[in-house]
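Take a look at the structure below.
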Amino acid sequence: MPDTTSRRVGTRELIWFFALLFISKILFADIGDYVKNCGSAGYILTAAAGVFALVLFVLIIRLADGETDIIESAGKTFGKWGMRVTGVIITLLLVAQSGIMIRVYTDIISSIVLPESSDVFIMLFLVAAVFFAAFAGTGTLAAYSYVAGIIFVITLAVILVLNIPNYDVTNIYPLLGKGITGISAGVGAVGVYSDMLLLFLVAPYLTEKASVKKGGIISIVISAIVITVTTLSYIMTVEYPFSSSLTLPVLEIAFDVNLDIVFQRAEGLFFFLWIFSGFIVTGAYLCFALVTFVKSFNLTDRRAPIGAFVFVAACIALIAGSSARERELYRIIYSVFAVVSFALPLFVFGIKKFKRRQIK
């Protein structure tokens with residue numbers, strides 16, 4: 001059942017909520033991976049990934065045939081137990097992802113911003129943010145994103161503009177980098193948009209005028225543009241092949257900017273981006289895991305399971321190994337999350353549409 005204790009999500013809030021989820025991936029190693037796959041053509045890969053994500057989203061929307069709530073569609077297609085199985089799969093996936101992201105943010109904050117602080121202390125701060133996000137609900141989280149997303153993009157734009165003196169246009173040659181093969185081999189870049197799964201959970205919490213289709217399309221377009229421009233800026237700042245080995249490309253861009261005012265360099269702005277993205281990224285997964293579980297089992301109290309969900313996510317974060325040491329393992333986890341995120345809506349909505357045709 002819809003969450004009656006949380007405010008509704010409008011179109012602009014929906015757009016910036018998902019744009020922020022998608023764009024926040026550039027704060028990690030994703031851009032470095034694109035450059036590793038395609039060399040100086042990494043920005044072409046990100047543009048192609050954006051187009052592919054948009055096509056994939058529109059395809060799922062067409063299969064959904066106006067009913068974009070994946071839990072409700074699973075119930076109509078597979079019955080009560082089919083709905084519950086689908087709900088459990090999504091819930092486990094999102095709770096695990098929430099725990100993993102708490103761990104990742106903890107590792108990076110402790111290594112760069114607060115190297116002398118205890119990981120447990122930082123983790124507790126993030127867990128508290130996750131708790132308040134889950135307690136506040138999807139509407140409040142989306143409203144926060146409306147402001148945070150715009151500020152995030154403006155701050156990122158400031159970093160990129162201030163870095164203009166350090167751009168070397170010759171870094172984009174050869175124009176096709178490692179060639180078409182490299183670009184096609186990097187199709188995994190579409191994983192940046194794996195949070196698209198949440199678009200098919202948000203429908204019950206929208207205002208009457210809000211649209212999953214419109215919100216999804218615009219958020220993907222905005223994200224593709226921002227990610228592509230950022231990747232191009234990184235390529236022009238750091239020469240290949242050195243650019244393929246760095247784990248925090250946006251931070252590297254910020255390091256090259258000399259402000260001489262307030263901050264010695266622009267890395268302070270990078271940390272500022274983390275403040276806005278951290279609350280959204282760590283909280284969004286748990287918040288949607290909660291509402292998915294509640295709807296799947298037709299519970300009447302959304303807030304009752306919050307403590308258990310936060311506890312499980314915190315345990316996962318504590319148990320998980322360092323993201324720096326276990327980088328390959330984390331890549332596998334992200335890949336599994338991406339595959340399930342795209343495959344599950346295609347399967348549920350595809351089967352539903354097939355059954356409807358059979359009836360006709």
(Q) Set out, in order, the CA-CA distance, both residues' side-chain angles and the distance that settles side chain to side chain contact (heavy atoms under 4.5 Å, CB included) for T106 and L126, then state yes or no. (A) CA-CA 8 Å; T106 297; L126 291 171; 3.4 Å; yes
Q: Could you check V229 against L156 for side chain to side chain contact (heavy atoms under 4.5 Å, CB included), going step by step and ending with a plain yes or no?
A: CA-CA 10 Å; V229 170; L156 179 62; over 6 Å; no
**Q.** Verdict with reasoning, Y234 to V238, per side chain to side chain contact (heavy atoms under 4.5 Å, CB included)
**A.** CA-CA 6 Å; Y234 175 64; V238 184; 3.7 Å; yes
Q | Pair F57-I61, side chain to side chain contact (heavy atoms under 4.5 Å, CB included): steps then yes or no | A | CA-CA 6 Å; F57 176 70; I61 286 291; 3.7 Å; yes
Q | Criterion salt bridge (charged side-chain N to carboxylate O under 4.0 Å, His left out) on E208 and R8, from CA distance to verdict | A | CA-CA 9 Å; E208 291 182 5; R8 296 288 175 171; over 6 Å; no
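Checked against the 6.0 Å centroid threshold, F200 and F349 count as a close aromatic pair.
For F337, the ring-ring contact (aromatic ring centres under 6.0 Å, His included) partners at least two apart in sequence or on another chain are Y285. Not counting sequence neighbours, the partners of T237 by the side-chain contact (heavy atoms from CB on, under 4.5 Å) test are N163, Y167, I253, D256. In terms of the side chain to side chain donor-acceptor pair (under 3.5 Å) criterion, residue partners of S277 (sequence neighbours excluded) are, by chain and number, Y105. Residues forming a side-chain contact (heavy atoms from CB on, under 4.5 Å) with R84 (at least two apart in sequence, or on another chain): K80, W81, F297.
The distance from the OG atom of S223 to the CD1 atom of I23 is 4.0 Å, given to the nearest 0.5 Å. Within the model, atoms CZ of F17 and CG of L141 stand 5.0 Å from one another, a figure rounded to the nearest 0.5 Å. In this structure, R103 CZ and D107 CG are separated by 4.0 Å, a value rounded to the nearest 0.5 Å. To the nearest 0.5 Å, atoms CZ (F18) and CD1 (I280) are separated by 10.5 Å. Between T86 atom OG1 and E72 atom CD the span is 13.0 Å, to the nearest 0.5 Å. Here the straight-line distance linking atom CG of N171 with atom CG of D168 works out to 4.5 Å at 0.5 Å rounding.
One N or O on the side chain of K355 and one on the backbone of T77 form a donor-acceptor pair closer than 3.5 Å. At distances below 3.5 Å, not a single donor-acceptor pair connects side-chain atoms of S145 with backbone N or O atoms of A148. Between the side chain of S24 and the backbone N or O of L21 there is at least one donor-acceptor pair closer than 3.5 Å. Panel note: side chain R302, backbone A134; a donor-acceptor pair is recorded below 3.5 Å. A donor-acceptor contact shorter than 3.5 Å links the side chain of S194 to the backbone of G191.
The shortest side-chain heavy-atom distance between Y146 and I150 falls under the 4.5 Å cut-off. Contact of the L197 side chain with the F288 side chain is not registered, since no non-hydrogen atoms from C-beta on lie closer than 4.5 Å.
Between D195 and K25 a salt bridge is recorded (basic side-chain N to carboxylate O distance below 4.0 Å).
The hydrophobic clustering, which links ILVMFWY residues whose side-chain heavy atoms are closer than 4.5 Å, places I154 and L20 together. In the hydrophobic clustering of ILVMFWY residues, with side-chain heavy atoms under 4.5 Å counting as a link, V161 and V250 come out together. Put simply, Y34 and V51 are part of two different groups of oily side chains (I, L, V, M, F, W, Y) that touch within less than 4.5 Å, one to the next. Linking ILVMFWY side-chain heavy atoms closer than 4.5 Å, directly or via other members, places L329 and L318 in a single hydrophobic cluster. A single hydrophobic cluster is seen to contain both L59 and F22, as judged by linkage of ILVMFWY side chains at heavy-atom distances under 4.5 Å, directly or through other members.
Annotation for A203 and T68: closest pair CB-OG1, 3.6 Å, computed over non-hydrogen atoms. For S211 against L14, the heavy-atom pair with the smallest separation is O-CD2, 3.4 Å. Nearest heavy-atom pair across F342 and I60 is O-CD1, 4.4 Å. Taking all atoms of both residues into account, the shortest heavy-atom contact from S73 to E67 is OG-O, 3.3 Å. Here the closest heavy-atom approach between residue A19 and residue I222 is recorded as CB-CG2, 4.4 Å. Nearest heavy atom pair, residue A133 against residue C287, reads O-SG, 3.8 Å.
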Show which side-chain atoms of residues 88-102 pair as donor or acceptor with protein atoms under 3.5 Å away, not counting sequence neighbours.
residue : atom : partner : partner atom : Å
T91     : OG1  : G87     : O            : 2.7
S98     : OG   : T282    : O            : 3.1

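The ring-ring contact (aromatic ring centres under 6.0 Å, His included) contacts involving residues 298-329 comprise F293-F309, where partners must be two or more places apart or lie in separate chains.
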